[in-house]
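Encoded as structure tokens, the structure appears first; notes follow it.
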Amino acid sequence: MTQSMERLRGFRDIYPEEMRGREKLFSSAESVSRSYGYEKIDFPSLESMELYRLKSGEELVGQTFSFVDRGGREVTLVPEATPSVVRMLVSRKDLSWPVRWYSFQKFWRYEEPQSGRLREFYQFNADLFGPDNHAVDAENISLAASILDSYGLSGRYEMRINSRELMNLLIAKTGTSNLPGALAVIDRLEKTDQETLLKDLAECGIGKNEASGLLDLITTPASDGNLENRIISVPGVEPILKRVKKTISLVRATTQSDVVLNLSTVRGLSYYTGIVFEAFGKEEKTRSILGGGRYNEMAALLSGSPIPAIGFGMGDVVVEGLMRKLGIWNEARTSDRVYICTSSEDYMEYAFSVSSLFRKSGIDAEVDLSGRGLSAQMKAASRSGSRVAVIIGEREYGSRKVTLRNMVTGEQQEIDVSNAAAQAKRSILKR
RNA sequence: GCCGGGGUGGGGUAGUGGAUAUCCUUGGGGACUGUGGAUCCCCGGACCCGGGUUCAAUUCCCGGACCCGGCCCCA
């Protein structure tokens, strides 16, 4: 293949057999979201670069697909949903709270492709605007968990929950003024060795004793009953911890999967102001499957007046990778359809009208258009996965009948065309 | 942007400084003139691209793009 024919780096072609798993990924997320009262929105794939400069700064703009358009405007292929969603939100003054919105569309980031990460991907997003309390937090996290559960991942992931406010207090206690720096170090906790962590924290102005105390605290599992006692003595922690615990117990009421307090979950350098959460595979090591949190300042950044907000994003790449590893990605294709064969092209018009009857009865019908011998057509019928083959030859044509062959059992019968669809339905259901 | 690894038909592979590039699978056709899955037969289909070394490169060397994984970053 010549170079110009190759796909661009980090982009994918999706063939039909791969679409089956993907369609489940999309449709389950959407129907679960609707069942929670979330409504679907959509927004442009191209936005002004300013939207991201405002929110994230130059270093993130460098990781986008950006260019100058013919009108001299700096534009960016959308790398994430939140700024666009918030722009939509603040543009409307007639919304009644709470607003629950979701979207599922393509995003682009100019990064090196690697495990769980591509340059073009789909991301599901769900946000709730308006009220700010533990029930709101819990409902948004419950939606995230319910979607993963609907994928058959129940019990196979862990929902980690933390609070930015809580971390701010714990980190401030070490005496550093470089909060974002310390959070960034903590975000890298799992892939960094102890020595480097201490060194990096020292660069944030945290002394060795303070740093190892902080790391010890963060890595203590929530199942250790002492953890709460150790942090609750820090001034200001108590009400925050109380809210987090209430949130966790509400989420637990909606999922069988593990929901845990995890002090190392901080979500990088982003715009979160309160609760943060991330889901990780339990059996298989994964990047975060989804992640989100409360971001109460974003609306003010765009419009001047704050609107409390919580939301999460879930990319398709990591979920797909996990489901593949667990062997639940592409489950059996449906075959509730018929394959229509003709013994001669002379009967094609009859075959078309028969196919139309099937389709009007709600049965998918594929007509063999090849003009090949019946033997070859039957082979194609078998390979197509159809449970029923419809055979049309001289006899059937003359008597206004069709032959239905159950491709699983091999039974077949010649039947009047008016009863064919109903009979095929029975045959399909019989399996 | 940086680092490590990798490439032979659609998928999986064998092999080689020189001749028609191996096998399995998939796809098409046939044996089977109105019936699929089994068997047999036939057919189609590949050495990532460019440069170098050489009489000769799919093979050796260099570079590039691409793929896999990691760093940075993770919205």
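Proteins come first, then strands; the chains are lettered A, B, ... in the order of their sequence lines, and each starts at number 1.
Ring planes of A:Y397 and A:Y350: perpendicular class, angle over 60° (limits at 30 and 60°). Ring planes of A:F312 and A:F124: tilted class, angle from 30 to 60°.
Taking 4.0 angstrom as the limit, A:K191 places a side-chain polar atom (N or O) nearer than this to OP1 or OP2 of B:C72. Contact annotation: A:S375 does not reach the phosphate of B:C32 (side-chain N/O to OP1 or OP2, under 4.0 Å). Between A:R109 and the phosphate of B:C74, there is no side-chain N or O to OP1/OP2 separation shorter than 4.0 Å. A close approach under 4.0 Å does not occur between any side-chain nitrogen or oxygen of A:R395 and OP1 or OP2 of B:G34. Under 4.0 angstrom from either OP1 or OP2 of B:A65 there lies no side-chain N or O belonging to A:R9. For B:U26, the OP1/OP2 oxygens have no side-chain nitrogen or oxygen of A:R383 closer than 4.0 Å.
Between B:C24 and B:A14, the two P atoms lie 15 Å apart (nearest whole Å). If you take atom P in B:G37 and the same atom in B:G27, they sit 12 Å apart, rounded to whole Å. Annotation: B:A21 and B:U58 have their C1' atoms spaced 9 Å apart (nearest Å). Atom P of B:C2 sits at a distance of 32 Å from the matching atom of B:U54, rounded to the whole Å. Remark: the separation of the C1' atoms in B:G29 and B:G36 is 16 Å, to the nearest Å. B:G18 and B:U59: their P atoms are spaced 11 Å apart (whole Å). Nucleotides B:U8 and B:A31 have their P atoms positioned 37 Å apart, rounded to a whole Å. For the P atoms, the distance linking B:C68 with B:U33 amounts to 47 Å, nearest Å.
For B:C2, the paired base is B:G70 (Watson-Crick or G-U wobble, both distances below 3.5 Å). Remark: B:G27 base-pairs with B:C43. Criterion, Watson-Crick or G-U wobble with two distances under 3.5 Å. Under the Watson-Crick and G-U wobble criteria, each requiring two contacts below 3.5 Å, nucleotide B:C55 is paired to B:G18.
No engagement by A:F107 is indicated, since no non-hydrogen atom pair under 4.0 Å with the nucleic acid exists. At the heavy-atom level, A:R188 lies under 4.0 Å from the strands shown only through sugar-phosphate atoms. Across all strands, A:G410 comes closer than 4.0 Å to base atoms (heavy-atom distances). Using a 4.0 Å heavy-atom criterion, one finds that A:G268 contacts the sugar-phosphate atoms exclusively. In this structure, A:T82 reaches neither bases nor backbone, as no heavy-atom distance under 4.0 Å exists between it and the strands shown. Residue contacts shown for A:E414 are absent, as no nucleic acid heavy atom lies under 4.0 Å away. Among the protein residues, A:G293 comes within range of no part of the nucleic acid, since none of its heavy atoms lies under 4.0 Å from any strand. Within the 4.0 angstrom heavy-atom criterion, base atoms lie near A:E394.
Here B:C74 is the nucleotide among B:G37, B:G30, B:C74 with the atom lying nearest to any side-chain atom of A:D187. Listed nucleotides B:C73, B:G37, B:G1 differ in distance to A:Y110; the shortest reach to its side chain belongs to B:G1. Of the candidates B:A75, B:G1, B:C73, the closest approach to any side-chain atom of A:E80 belongs to B:A75. In the set B:G34, B:G28, B:U35, the nucleotide with an atom closest to the side chain of A:R372 is B:G28. Side-chain proximity of A:P79 to B:G29, B:G36, B:A75: nearest is B:A75. Out of B:C74, B:C71, B:C66, the shortest distance to the side chain of A:E112 is found at B:C71. Of all nucleotides listed (B:U35, B:C74, B:G1), B:C74 comes nearest to the side chain of A:R117. Distances from the side chain of A:R405 to the nucleotides B:C71, B:G36, B:G34 place B:G36 closest. Set against B:G30, B:G34, B:A75, the side chain of A:E396 has B:G34 as its closest nucleotide.
Between A:Y271 and A:T192, it is A:T192 whose nearest contact on RNA chain B lies nearer the 5' terminus. Nearest-nucleotide mapping onto RNA chain B: of A:T403 and A:T64, the residue sitting toward the 5' end is A:T403.
The OH-C1' distance, from A:Y15 to B:G10, rounds to 8 Å in whole Å. The nearest whole Å value for the distance from the CG atom in A:L118 to the P atom in B:G70 is 12 Å.
Cation-pi geometry between A:R119 and A:Y110 is met: the NZ or CZ atom falls under 6.0 Å from the ring centre, inside 45° of the normal. Note that A:R160 lies outside the cation-pi zone of A:F277, set by a 6.0 Å cut-off to the ring centre and a 45° limit from the axis.
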Could you go through A:S91 and A:R87, starting from their C-alpha distance and side-chain angles, then the distance that decides it, and tell me whether this counts as side chain to side chain donor-acceptor pair (under 3.5 Å)? CA-CA 6 Å; A:S91 304; A:R87 179 173 50 72; 5.3 Å; no
Could you please spell out the steps behind the side chain to side chain contact (heavy atoms under 4.5 Å, CB included) verdict for A:S33 and A:E39? CA-CA 8 Å; A:S33 300; A:E39 296 184 285; over 6 Å; no
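Ion pairing of A:D187 with A:R267 is absent here, as no side-chain N (NZ or NE/NH1/NH2) approaches a carboxylate O to less than 4.0 Å.
Checked by atom type and distance alone, the side chain of A:T409 pairs as donor or acceptor with a backbone atom of A:E411 at under 3.5 Å.
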